[in-house]
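Note: hydrogens, waters and symmetry copies are ignored here, and every other heavy atom, side chains too, is used.
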Amino acid sequence: MIIIFLIGSNEEKFGITALILGTLTTTASYWTLQDEPKYFNLSLLFFDTILLIILILFCLKSRKFWPIWVSSFHLIAVLTHISHLLLNESLIRAYSLLQGFWVYPMYISMILGAYGYRKAMMKKKQIST
């Protein structure tokens, strides 16, 4: 995350800030609702759906590739929450494994986007000198 703040543009900084806020809401939901699994899962679905809407709107504004990747990985995470609400208790372990996995490809996409931005800026500086 620090890499994105160091080498990324304002778009990457906005994206990582949105993901950090999503992580914080998940953590707050866990602390407050850990004894109520159904409500915890509903709160995750709620906050992740809000984050998905923000990311999709960001995709429509951005001209970069990584917001599409991040939004699609996050869509999978939201669909995982929905499937958990519909499944019976025997598949909870599979859900637990899939739930947090999609954050890693999201971060990797953002790092690649920040690296591409930095590389383009360095190339632009070389051309202008």
Quick test of your reading of the model: are Glu11 and Arg63 salt-bridged, counting only N-O distances below 4.0 Å?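 Salt bridge between Glu11 and Arg63, a charged N being under 4.0 Å from a carboxylate O: no.
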Distance in Å, [X] [atom1] paired with [Y] [atom2], rounded so as to fall on 0.5 Å steps:
{"X": "Leu52", "Y": "Leu57", "atom1": "CG", "atom2": "CG", "value": "9.5 Å"}
{"X": "Ser29", "Y": "Gln34", "atom1": "OG", "atom2": "CD", "value": "11.5 Å"}
{"X": "Ile20", "Y": "Thr27", "atom1": "CD1", "atom2": "OG1", "value": "11.5 Å"}
{"X": "Thr25", "Y": "Leu51", "atom1": "OG1", "atom2": "CG", "value": "7.5 Å"}
{"X": "Ser71", "Y": "Ile53", "atom1": "OG", "atom2": "CD1", "value": "11.5 Å"}
{"X": "Ile108", "Y": "Trp69", "atom1": "CD1", "atom2": "CH2", "value": "10.0 Å"}

State, to 0.1 Å, how close [X] and [Y] come at their nearest heavy-atom pair, and which atoms those are.
{"X": "Pro67", "Y": "Cys59", "answer": "O-SG, 3.0 Å"}
{"X": "Ala114", "Y": "Gly8", "answer": "CB-CA, 3.8 Å"}
{"X": "Asp48", "Y": "Val78", "answer": "O-CG2, 3.6 Å"}
{"X": "Met110", "Y": "Glu12", "answer": "CE-O, 3.7 Å"}

Decide yes or no for [X] and [Y]: does some side-chain heavy atom of the first lie under 4.5 Å from some side-chain heavy atom of the second?
{"X": "Phe40", "Y": "Thr32", "result": "no"}
{"X": "Val70", "Y": "Phe58", "result": "no"}
{"X": "Ile54", "Y": "Phe14", "result": "yes"}
{"X": "Asn41", "Y": "Leu33", "result": "no"}

Flag yes if [X] and [Y] sit in one hydrophobic cluster, no otherwise; membership is Ile, Leu, Val, Met, Phe, Trp, Tyr, and two members link when side-chain heavy atoms are under 4.5 Å apart.
{"X": "Tyr117", "Y": "Leu112", "answer": "no"}
{"X": "Leu75", "Y": "Leu45", "answer": "yes"}
{"X": "Ile4", "Y": "Met121", "answer": "no"}

After noting the C-alpha distance and the side-chain angles of Ile111 and Ile7, does the key distance pass the side-chain contact (heavy atoms from CB on, under 4.5 Å) rule? CA-CA 9 Å; Ile111 290 170; Ile7 67 172; 5.8 Å; no
Are more than 12 heavy atoms, taken from residues, nucleotides or ligands other than [X], located less than 6.0 Å from that residue's [atom1] atom?
{"X": "Ile2", "atom1": "CD1", "result": "no"}
{"X": "Phe5", "atom1": "CZ", "result": "yes"}
{"X": "Phe65", "atom1": "CZ", "result": "yes"}

Checking side-chain contact (heavy atoms from CB on, under 4.5 Å) against His74, which of Thr49, Leu55, Ile56 comes through?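 Exactly one pass, corresponding to Leu55.
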For this output row, return yes or no: ring centroids of Phe73 and Trp66 closer than 6.0 angstrom.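 No, the ring of Phe73 stays outside the 6.0 Å limit from the ring of Trp66, centre to centre.
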